[in-house]
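Let me begin by presenting the structure, written as structure tokens, before commenting on it.
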Amino acid sequence: MKISIVYEFTNPHLWSTPNSIAREFKSRGYEVDSVHLEDEQKLIQGEYDIVMFMDWRGIDLSHETKRILKSGGTYLIREASNTPQNYERYLPHLKDYDLILTPDYESHLDYQL
């Protein structure tokens, strides 16, 4: 299984949630790429089974990139850890994802559109 963790990183050796998730998947034997959130071309060319998108600012992959990934069978996960304060930023992007991760119960209920 090939997984991509998409986020804005500067130093992959610093502690961060995306780095920690990538290390955990690798320790369990999965092939994992860390892809900068602005490198959508790498995602399209990577043929991933799972893409996990992590960004607190509410930006997102293009609809075309998500369409291409989903048409190839890629399972899309969106991490929304800054809900509820960023709920309005995330909402327009979430319909294209298969799974939304949020720590906020009220946002969880609202995301179930």
Side-chain angles (χ1 to χ4, degrees):
M1 180 173 290
K2 190 171 180 184
I3 300 169
S4 175
I5 310 292
V6 182
Y7 63 104
E8 185 170 30
F9 55 88
T10 53
N11 183 345
H13 303 291
L14 294 176
W15 184 91
S16 72
T17 301
N19 285 336
S20 297
I21 290 171
R23 281 194 301 271
E24 183 63 27
F25 277 127
K26 286 178 184 177
S27 76
R28 294 171 183 253
Y30 294 101
E31 182 181 351
V32 179
D33 283 342
S34 296
V35 177
H36 193 278
L37 56 83
E38 294 177 355
D39 196 0
E40 293 188 32
Q41 194 61 38
K42 182 176 180 180
L43 284 175
I44 292 169
Q45 296 170 348
E47 297 182 18
Y48 296 102
D49 298 298
I50 297 172
V51 168
M52 176 182 272
F53 189 85
M54 305 181 76
D55 179 72
W56 62 271
R57 294 175 295 165
I59 65 172
D60 197 26
L61 298 171
S62 71
H63 288 294
E64 180 64 11
T65 295
K66 289 186 280 188
R67 186 194 64 74
I68 291 168
L69 291 170
K70 287 186 74 88
S71 70
T74 301
Y75 191 81
L76 299 179
I77 300 171
R78 174 69 192 227
E79 178 265 345
S81 67
N82 285 11
T83 47
Q85 62 268 32
N86 283 328
Y87 176 80
E88 294 298 326
R89 283 190 200 171
Y90 292 144
L91 195 57
H93 309 294
L94 299 181
K95 66 179 176 12
D96 299 323
Y97 288 91
D98 299 298
L99 179 66
I100 309 302
L101 303 177
T102 178
D104 181 66
Y105 180 71
E106 293 300 321
S107 294
H108 157 76
L109 294 175
D110 290 339
Y111 287 144
Q112 295 183 19
L113 303 175

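If you're wondering where the values come from, they're calculated on a predicted model, not measured in any experiment. Numbering starts at 1 and runs along the sequence shown.
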N/O donor-acceptor pair under 3.5 Å between D49 side chain and K2 backbone: yes
In Å and rounded to the nearest 0.5 Å, what is the [atom1] to [atom2] distance from [X] to [Y]?
X	Y	atom1	atom2	value
L61	R67	CG	CZ	13.5 Å
L99	R78	CG	CZ	12.5 Å
E31	F25	CD	CZ	13.5 Å
R28	M1	CZ	CE	13.0 Å
L76	I100	CG	CD1	9.5 Å
L69	F53	CG	CZ	11.5 Å

Step-by-step side-chain contact (heavy atoms from CB on, under 4.5 Å) determination, I3 to M52: CA-CA 8 Å; I3 300 169; M52 176 182 272; 5.5 Å; no
Side-chain touch M54/I21, heavy atoms, less than 4.5 angstrom: yes
Partner set under side chain to side chain donor-acceptor pair (under 3.5 Å) for H63, not counting sequence neighbours: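 Listed in chain order: D96.
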Side chain to side chain donor-acceptor pair (under 3.5 Å) against T74, all qualifying residues, sequence neighbours excluded: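 Here no residue qualifies.
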From CA spacing to verdict: side-chain contact (heavy atoms from CB on, under 4.5 Å), D98, K70: CA-CA 9 Å; D98 299 298; K70 287 186 74 88; 2.7 Å; yes
Salt bridge (Lys or Arg N to Asp or Glu O under 4.0 Å) partners of K26, counting only residues at least two apart: none
For [X] and [Y], which heavy atoms make the closest approach, and how far apart are they?
X	Y	result
D39	V35	O-CG1, 3.6 Å
L43	V51	CD2-CG2, 4.1 Å
D60	E40	O-OE2, 4.3 Å
Y97	I77	CD2-C, 3.6 Å

Side-chain H-bond candidate by donor/acceptor type, Y48 with D33, under 3.5 Å: yes
Linked, directly or transitively: I50 and I68 (ILVMFWY side chains, under 4.5 Å):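 No.
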